[in-house]
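What follows is a single structure, written as structure tokens, with notes after it.
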Amino acid sequence: MQTKRTIFKNRGLPYLLLFPQLAVTLVFFIWPAAQAVRQSFLREDAFGLKTSFVGLANYRQLFNTPEYLNSLHVTLVFSVSTAALALVTSLLLALSLDRMIRSARIYTALLVWPYAVAPAIAGVLWWFIFNPTIGVLPYVLAALGYDWNHALDKSDAMVLVVVAAAWKQISYNFLFFVAGLQSIPASMREAAAIDGAGPVKRFFTITLPLLSPTTFFLLVVNVVYTMFDTFAVIDATTEGGPAQATMILVYKVYRDGFIGLNLGSSAAQSVVLMGIVIALTIVQFRFVERRVTY
Amino acid sequence: MVENHRWLDVLAHLTLILGVLIVAFPVYIAFVASTHEPSAFVSGLIPLLPGDNLVPSYTDVLKGGTSAQMSVPISTMLGNSLIMALSIAVGKIVISILSAFAIVYFRFPFRQAAFWVIFLTLMLPVEVRIVPTFKVVSELGMLNSYVGLTVPLIASATATFLFRQVFLTIPEELMEAARIDGAGPLKFFWDVLLPMSRTNVAALFVILFIYGWNQYIWPILVTTDSGYYTIVAGIKRMADVVDSEPLWNFIMATSVLALLPPVVVVIAMQRLFVKGLVETEK
């Protein structure tokens with residue numbers, strides 16, 4: 001691990017400096033995580049009187065219940081749709097901004113602020129817009145002959161949470177795409193233009209490949225966002241319904257743990273999720289170490 | 001630009017304007033709804049132009065007590081949110097900058113181990129380990145308190161990494177000069193490191209303030225006493241009404257009040273915000 005040539009010689013001081021961070025980490029991060037792992041191997045009886053060691057039974061049961069498999073599927077659909085919608089929209093906006101010179105600052109200011117809006121508030125706002133009785137969009141859709149009701153229709157509910165989650169993520173992706181576009185040397189595009197490549201051809205043969213490190217990085221960040229930070233979006237809009245159509249994994253951990261009180265299963269789900277986060281973090285870090293080559 | 005395509009410029013402007021409108025649309029609708037009287041929502045379609053009930057809506061929600069759903073004044077919730085956001089931002093920066101200082105400028109047994117323990121927090125978002133964390137906090141008697149609201153969220157691997165990165169780029173000569181002049185570690189930290197990382201602290205503060213303000217599930221679980229409700233978590237309790245129609249103008253006024261402070265911070269400090277965002281991801 002990289003460090004300084006010259007250092008201070010104190011013995012006790014570094015421990016003192018580290019103490020607050022380590023104390024908080026141990027008490028509120030490591031210890032609960034260890035509890036989740038321990039709990040995932042235990043099962044309580046219906047009255048909470050007796051707890052017994054059951055080995056991997058909670059995990060085996062997890063992957064045999066249709067609700068959990070459904071939740072895996074829902075999470076996949078939700079993550080892919082949200083990431084795709086947020087990435088494509090923000091790339092279009094970033095490409096447009098790349099052509100601007102004087103107005104770039106104003107457009108950027110008008111596009112980045114949703115980053116600051118809480119996912120829960122984003123959920124409430126779109127929930128209001130899509131409200132089946134008084135919302136604006138169901139009114140427009142009804143005029144087009146579509147009967148919108150996310151409280152009853154599974155795909156309507158999925159569209160609602162995808163739109164709300166993607167809306168909040170556009171500004172983040174936009175900023176990183178703009179930075180990525182600015183780092184592409186203008187000489188490359190000029191050379192291609194002299195060789196007779198039009199704007200569309202230049203986009204697919206030069207801009208898009210050179211943008212791939214940014215795109216990959218954003219893909220990982222977006223997947224992490226949709227898997228964990230969208231908890232509030234779900235809770236503020238559909239609460240996982242109708243009929244578990246929007247029950248993403250992280251929301252199910254909470255429902256099963258706090259409302260269903262199925263601690264063993266909830267703990268096993270926590271451990272599975274931790275595994276997913278660790279895998280994603282490693283992917284992200286390896287990528288930061290050495291960028292995608294092209 | 002490489003060549004002059006008039007139609008491409010027009011297309012780019014149109015795309016951006018459309019983007020700005022889509023992004024602003026939900027907040028506009030919320031604002032419009034907050035300026036109407038409750039009766040405006042009975043007709044079946046929400047109004048699309050502002051009404052004349054702006055001042056009464058906002059003073060009612062800020063004072064609270066107008067009905068069962070609005071029993072807690074929003075001004076109290078705003079205060080709690082401010083306390084929570086500031087404590088989390090300041091707390092994270094303080095404990096991270098101290099631990100980064102220890103890791104970079106000292107050599108001691110278990111340094112590597114400490115580094116990895118901190119790194120692990122990066123991998124364990126609160127939503128993932130929510131049930132056991134809640135149990136720990138309740139066993140420590142920290143429910144319904146500002147300590148319970150903030151301290152469990154205060155550990156930060158990202159901030160520690162950021163400060164470590166900043167410290168590593170600070171020239172060795174400064175440290176050598178400080179030691180020759182007889183400065184101890186704390187004096188060096190206070191008089192050299194801290195002033196040199198001022199802009200990083202400011203940029204990080206913007207990001208962490210937003211993070212703290214926007215917390216949702218943790219405040220919902222930890223606070224049952226309405227005196228500790230935060231505004232982002234409070235909205236859900238307001239919208240969840242049984243039997244009666246939600247008071248849309250009040251809910252939307254509260255939403256606008258809840259999103260305004262962090263949005264103002266981002267717009268007012270755009271350069272610091274972008275710097276913070278890019279740095280925390282590297």
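Naming convention: chains lettered A, B, ... in sequence-line order (proteins, then strands); numbering from 1 in each chain.
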Asp9(B) side chain vs Arg99(A) backbone, donor-acceptor pair below 3.5 Å: no
Which portion of Tyr211(B) sits near chain A, non-hydrogen atoms under 4.5 angstrom: neither
Side chain to side chain, Leu93(A) and Leu18(B), heavy atoms closer than 4.5 Å: no
Contacting moiety of Val151(B), where chain A heavy atoms sit under 4.5 Å: both
Side chain proximity check, Gln21(A) to Ser96(B), heavy atoms < 4.5 angstrom: yes
Pairs of heavy atoms under 4.5 Å with chain B: top-ranked of Leu273(A), Val253(A), Thr25(A): Thr25(A)
Any Val23(B) side-chain heavy atom under 4.5 Å of Trp113(A) side chain: yes
Distance in Å, Leu95(A) CG paired with Thr15(B) OG1, rounded so as to fall on 0.5 Å steps: 9.5 Å
Part of Ile278(A) within contact of chain B (heavy atom distance under 4.5 Å): both
Per-residue contact mode, Phe273(B) against chain A (heavy atom under 4.5 angstrom): side chain
Ser270(A) side chain near Val131(B) side chain, heavy-atom distance below 4.5 Å: no
Residues which pass side chain to side chain contact (heavy atoms under 4.5 Å, CB included) with Leu260(B), listed by chain and number, not counting sequence neighbours: Val264(B)
Among the listed options Ile129(A), Val24(A), Leu110(A), the residue most often paired with chain B at heavy-atom distances under 4.5 Å: Ile129(A)
Sub-4.5 Å side-chain heavy-atom contact between Leu259(B) and Leu125(A): yes
Parallel, tilted or perpendicular, as decided by the 30° and 60° cut-offs, for the rings of Tyr107(A) and His13(B): tilted
Partner set under side chain to side chain contact (heavy atoms under 4.5 Å, CB included) for Pro132(A), not counting sequence neighbours: Asn149(A), His150(A)
